[in-house]
Amino acid sequence: MLRTHTCGELRIPDIDKTVKLSGWVQRSRDMGGMTFIDLRDRYGITQLVFNMETHSELCKQARKLGREYVIQVEGIVAERSNKNSKMPTGDIEITAEKIVVLNQSKLPPFTIEDDTDGGEELRMKYRYLDLRRNPLRKAMELRHKMAITTRNYLDKQGFFDIETPYLIKSTPEGARDFIVPSRMSSNQFYALPQSPQTFKQLLMVAGYDRYYQIVKCFRDEDLRADRQPEFTQIDCEMAFVEQDDILDMFEGLTRHLFKEVKGVDVDQFPRMEYSDAMKYYGSDKPDIRFDMRFVELNDLAQNKGFAIFDQAELVVGINAVGLADYSRKQLDQLTDFVRKPQIGAKGLVYIKYDADGSFKSSVDKFYNTEDLQTIANRFEAKPGDLILILSGETDKVRKQLGNLRLEMGNRLELRNPNIFAPLWVVDFPLLEWDEENSRFHAMHHPFTSPKQEDIALLESDPAKVRANAYDLVINGVEIGGGSIRIHNRELQKLMFKHLGFTDEEAQAQFGFLMDAFEYGAPPHGGVAFGFDRITSLFGGSDSIRDYIAFPKNNSGRDVMIDTPSQVSQVQLDELMLNIVKFKK
Ligand code: ASP
């Protein structure tokens with residue numbers, strides 16, 4: 001037996017037991033007559049003591065152990081005279097009797113400590129060493145807990161975990177597919193799934209009316225910060241359901257995860273129409289931990305001689321409560337913020353409602369006190385508040401103000417990571433205009449059903465058609481989304497037509513699904529949660545990478561195994577990819 005206990009296990013009641021532990025040398029300290037070693041494994045750290053007087057050979061052996069050596073130790077559990085209340089095993093130590101070196105270690109390229117000295121790239125290259133560190137170990141534990149809690153919940157609700165293939169057919173879901181050449185069918189290709197979307201719908205046709213999978217999805221997108229080319233979803237589908245059934249079920253799952261994993265009760269899951277989310281928060285994923293809703297001002301702010309407002313499609317603002325004492329410099333910072341290219345506003349108008357009840361604004365020339373008071377009243381502003389106003393094209397200005405709202409939320413410390421404010425955003429538009437290609441795209445995916453009452457608009461005003469589509473948003477982060485699907489061949493065909501597919505193209509790519517709809521497809525719908533994202537939200541971090549054991553870097557590379565990489569000419573020849581010849 002290499003160990004009787006783990007390094008996180010022993011306590012006062014174990015005193016005098018003879019035990020065997022195995023683990024890694026975290027650190028050793030020589031204190032003259034004594035040598036101390038912190039022995040670490042996944043479960044914790046236990047202190048080993050070597051006594052020079054009583055066990056001089058052993059003590060000398062211990063002094064030679066380097067960091068990260070793997071050792072086995074046999075010894076007796078003793079009460080510590082110097083207890084460490086910060087460690088769960090801090091009341092005891094092991095008086096070592098014998099050690100066996102199970103393996104040596106080179107000096108690690110960075111310290112295996114909570115705060116390490118290793119840079120990001122180095123830690124990615126030696127990910128297996130980084131994973132030994134506590135923060136990552138905790139992240140993996142959290143991920144496991146999220147997965148098992150999800151599985152238990154969905155199992156209790158009667159969901160089957162059914163695997164769907166990874167080698168599938170190219171089916172656009174908004175991103176580019178990863179393509180896999182087939183050796184046996186030359187010049188033909190598989191694609192890796194962007195999600196199991198079509199398969200889970202086929203499972204509904206097959207009668208498996210509650211399906212889930214914690215599943216890898218692959219999207220060949222230009223990598224933005226915190227995106228991974230492969231990521232994991234909690235993917236679900238249900239048959240014989242309406243939108244509310246799905247929202248209730250996955251609200252239940254979310255609530256259960258909060259309770260079981262974080263011990264947090266979240267009771268409110270408000271539902272907000274997409275159009276309201278845009279109008280009041282300038283975002284389809286509003287952070288509703290704080291209010292600061294948009295207030296529209298066209299009727300009050302226009303026709304007063306201020307050309308910028310007069311020419312704008314929308315004049316809209318927010319009230320930053322209590323910030324009227326902002327200095328010139330702070331206001332300039334805000335102007336710089338909205339002018340950043342990522343935000344793109346031209347300027348910022350402010351109205352300070354000073355504590356003494358007077359007004360100071362950047363547009364005093366055009367608005368008298370009464371005008372400013374009327375505007376302040378619409379915001380329900382109080383003396384001491386600061387009103388910030390932007391103007392321009394409706395869609396753009398809303399997004400800009402949405403960013404400013406989040407910035408003000410940060411400044412006012414209204415975005416507490418320990419508070420969780422979920423909401424469902426519902427009634428998304430079905431289609432989205434793609435400027436670049438001058439055509440409509442499915443905002444969610446082409447299998448999403450339009451609202452029955454909006455189907456007629458498909459011909460006359462496609463942009464106005466609303467979908468039976470919804471997103472779960474928590475603290476301004478999109479956790480997941482889904483929709484009620486089309487389950488009828490004709491409607492699906494019509495949808496493809498509006499997305500610019502010819503009948504032949506639609507049949508070639510999605511014929512299998514439309515054919516299935518002709519064999520008794522039940523009404524169905526589903527949702528997928530970003531598993532990496534919800535885990536990182538629970539972990540209190542913005543970075544999904546910390547919650548993935550072996551992630552890719554920002555350029556989509558795995559720097560540990562060094563891939564993407566070249567393959568041999570033999571492999572290429574077998575695949576008949578002879579067009580590709582590598583430059584030597
Ligand atoms: N397949 C969708 C996605 O990956 C989710 C869904 O509609 O269920 O976003």
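The shown structure was predicted, so the numbers you read here are calculated from the model rather than taken from an experiment. Counting convention: from 1, in listed order, for ligands and their atoms alike.
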task: Step through it carefully: locate the ring centre of Tyr166, locate the ring centre of Phe218, and say whether they are under 6.0 Å apart.
output: yes

field: Distance flag, aromatic centroids of Phe269 and Trp424, threshold under 6.0 Å
entry: no

Would you say [X] has any N or O atom under 3.5 Å from an N or O of ligand 1, going by distance alone?
| X | result |
| --- | --- |
| Asp235 | no |
| Arg219 | yes |
| His444 | yes |

query: Where on Val527 is there a heavy atom closer than 4.0 Å to ligand 1, on the side chain, on the backbone, on both, or on neither?
result: backbone

field: Ser195 and ligand 1 - part of the residue with a heavy-atom distance under 4.0 Å
entry: side chain

message: If the condition is ring-ring contact (aromatic ring centres under 6.0 Å, His included), which residues does Tyr274 pass it with, not counting sequence neighbours?
response: Phe428

field: Arg293 NZ/CZ over Tyr280 ring centroid, <6.0 Å and within 45° of normal
entry: yes

query: Hey, are Ser449 and Asn468 close enough side-chain-wise for a donor-acceptor pair under 3.5 Å?
result: yes

query: Who passes salt bridge (charged side-chain N to carboxylate O under 4.0 Å, His left out) against Lys464, sequence neighbours left out?
result: Asp461

statement: If you compare Arg485, Gln233, Lys200, Glu237 by their heavy atoms, the one closest to atom 3 (C) of ligand 1 turns out to be Gln233

message: Suppose I only count heavy atoms of Gly482 and a 4.0 Å limit; which atoms of ligand 1 are within that range?
response: 6 (C), 7 (O)

